[in-house]
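Here is the structure we will look at.
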Amino acid sequence: MSEPSQFQAPVGTHDVLAPDSARWEGLLATFADWAHRYGFSLVITPVFEDVGVFNRGIGEASDVARKEMYVFTDRGERTYALRPEGTAPVVRAFIQHQPTTPFKAWYFTPAFRYERPQAGRYRQHHQVGVEVLGTDDPAIDVEVIALAQRFFEAIGLTRFRLLINSMGHAQCRGAYVTLLRAHLEAHADELCDEHQTSWRENPLRVLDCKDPACVAVTSRGPMLIDHLCADCRAHFDAVLEGLGRLGVASELSPRLVRGFDYYTRTTFEFVADALDGAQNAIGGGGRYDGLVEQLGGKPTSGIGFGSGVERLLLTLAAEGVPATFSRALEVFVVDTTGEDAAGLLLDRLRSAGIASDRAYDQRSMKAQMKVADRSGARLALLIGPQELAAREVTIRDLRSADHEQDQRRVPDQDVVSTILQLRQAK
Ligand code: HAM
């Protein structure tokens, strides 16, 4: 590749600058708040892991492990992968540190998948999510799903649906896969091009295929939900009842199998009606009762979900939800004296919790006022030679049509309290 004259963010990745970054901050703060309300604590794990964590965790045969992982060898000849998802690393950390159970963790993480970039599908995306390890009580399935639902409601989404299914556990799924194989074998020549050859490797993937040919074949075939063992059926019924009691509506979706091999029992996806069908999942998750063992730990149940931040923001925009979280400046200090008044005043303003900024490089009054206007601040604090001599500051309302009218001088020592009063009166 020739050296570009100007570097760009890599294909399929995005820079997030203000004012868009304020939406990210708002969304993260809301998620952190809701996760805290449900008893989750923040967990941070490395962005890269031994490649085995993912090969064993999400399954070597999964599309993500086979085709989409960013795998590299470091200078010490170790093979790592950038995390394509957030669950396997949390499980690896759980096994390593053996915290008390139930272990309830939330996270915000970038995730890396070498996919074909398009709207809502990126090579680096970001997820907020939770994982619970150490209980298979259906009450926790209900809580995890309710947390996702309440979070989506809290950020202002209204047009989304919860699709739910049960994948059973290893035994009842094994028996079902035998039935599904027989059905697919009988209709193999009717499947889409890809699955005509690949259905044998992972027949469950065919259920996930959106091609009308595969949909036609599988919808006439056996469904896992009709072949659950008594325990898995009772567990699933308890989850559905629990959701019903909380008023969380769900749609049974027997074809929902999701993309990773670790899922067992409850699996779910939230889809946004305002987004294009192919990329309309705003969150997904489920149980993974065998994953801890698979990664070398003692048998431990687990459940969680992850939700794509970029997709949530696209959905908010598509639904026309106005941004409520603002990172606008409150005050801009214009100091033409060239002394240290601005620095001293800003220190007091900021200590009092007032977001404030200034111009630099000894610019003229006119130039500084231009920056103040552009800054988005509501108020300008003017310090000229007169103010300095009188130990006063002029407070000017930048949103008012008549700036000169809407300004007043206050003693320097009263500036902070006056601004706090004006904030209340707003
Ligand atoms: P996932 O369904 O692969 O599950 O991803 C979770 C969410 O991340 C998706 O619903 C979607 O909103 C977003 N997402 C996924 N891939 C992309 C992409 N290429 N570009 C933009 N957004 C994307 C997981 O990752 C599981 N770890 C979830 C989980 C947690 N299961 C149990 N615990």
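Counting starts at 1 for both ligands and their atoms, in listed order.
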Note to self: Any side-chain to backbone donor/acceptor pair from D261 onto G59? Under 3.5 Å, distance only.
What the structure shows: no

Checklist line | Winner among G284, A281, A111, G120 once heavy atoms are compared against atom 11 (C) of ligand 1 | finding: A281

Item checked: Main-chain N/O of T87 paired with E85 side-chain donor or acceptor, under 3.5 Å -> yes

Checklist line | Nitrogen or oxygen of G308 less than 3.5 angstrom from that of ligand 1 | finding: yes

Next item on the list: Could you tell me if any non-hydrogen atom of F270 lies under 4.0 Å from any atom of ligand 1?
Entry: no

Note to self: Strictly distance-based, threshold 3.5 Å: is any side-chain N or O of Y122 a donor or acceptor partner for the main-chain N or O of G120?
What the structure shows: yes

Next item on the list: State whether the shortest distance between N or O atoms of T87 and N or O atoms of ligand 1 falls below 3.5 angstrom.
Entry: yes

Next item on the list: Give the atoms of ligand 1, by number and element, whose distance to some non-hydrogen atom of G306 is under 4.0 Å.
Entry: 6 (C), 7 (C), 28 (C), 29 (C), 30 (C)

Next item on the list: Look at the side chain of R287 and the backbone N and O of T266, then say whether any donor-acceptor pair between them is shorter than 3.5 Å.
Entry: no

Checklist line | atom 14 (N) of ligand 1 - nearest protein heavy atom and its distance | finding: H125 NE2, 3.4 Å

Next item on the list: Return yes when atom CZ of R116 has more than 12 non-hydrogen atoms of other residues, nucleotides or ligands closer than 6.0 Å, and no otherwise.
Entry: no

Note to self: When you measure from the side chain of D211 to the backbone of C192, do you find a donor-acceptor pair of N or O atoms at a distance under 3.5 Å?
What the structure shows: no

Margin query: Strictly below 4.0 Å, N to O, side chains only: are D208 and R205 in salt-bridge contact?
Written below: yes

Notebook entry, point to check: For ligand 1, is E310 a contact, meaning one of its heavy atoms is under 4.0 Å away?
Noted result: no

Notebook entry, point to check: Closest non-hydrogen protein atom to atom 33 (N) of ligand 1, residue and atom name please, with distance?
Noted result: E131 OE1, 2.9 Å

Next item on the list: Would you indicate which of Y263, Y288, F305, F260 comes nearest to atom 31 (N) of ligand 1 when only heavy atoms are counted?
Entry: Y263

Check: For ligand 1, which atoms, with element, lie under 4.0 Å from some heavy atom of E85?
Finding: 25 (O), 26 (C), 27 (N)

Next item on the list: Determine whether the side chain, the backbone, both or neither of R311 has a heavy atom under 4.0 Å from any heavy atom of ligand 1.
Entry: side chain

Item checked: Rounded distance [0.5 Å steps], CD1 in I145 versus CD in Q149 -> 10.0 Å

Item checked: Atoms of ligand 1, numbered as shown, that sit under 4.0 Å from any heavy atom of G283 -> 10 (O), 12 (O)

Check: Any idea which protein heavy atom is nearest atom 20 (N) of ligand 1, and the distance to it?
Finding: Y122 N, 3.0 Å

Check: Taking only heavy atoms of E115, which atoms of ligand 1 are found under 4.0 Å from at least one of them?
Finding: 18 (C), 19 (N)

Notebook entry, point to check: Any nitrogen or oxygen of E269, main chain or side chain, under 3.5 Å from a nitrogen or oxygen of ligand 1?
Noted result: no

Checklist line | Ligand-side contact atoms (ligand 1) for residue partner Y262, heavy atom cut-off under 4.0 Å | finding: 26 (C), 27 (N), 31 (N)

Notebook entry, point to check: In the protein, which heavy atom is nearest to atom 32 (C) of ligand 1, and how far is it?
Noted result: G304 O, 3.2 Å

Next item on the list: Step through it carefully: locate the ring centre of F40, locate the ring centre of Y38, and say whether they are under 6.0 Å apart.
Entry: no

Checklist line | Aromatic contact, F152 with F270 (centres under 6.0 Å) | finding: yes

Note to self: Does only the side chain of I282 get under 4.0 Å from ligand 1, or the backbone, or both, or neither? Count heavy atoms.
What the structure shows: backbone

Note to self: I want to confirm something. Looking only at heavy atoms, which of R123, Q127, R258 is nearest to atom 2 (O) of ligand 1?
What the structure shows: R258

Next item on the list: Give a yes or no on whether the ring-centroid distance for Y263 and Y288 is below 6.0 angstrom.
Entry: no

Margin query: Parallel, tilted or perpendicular: which one describes the rings of F108 and H126, with boundaries at 30° and 60°?
Written below: parallel

Margin query: Please determine whether any non-hydrogen atom of G129 lies less than 4.0 Å from an atom of ligand 1.
Written below: no

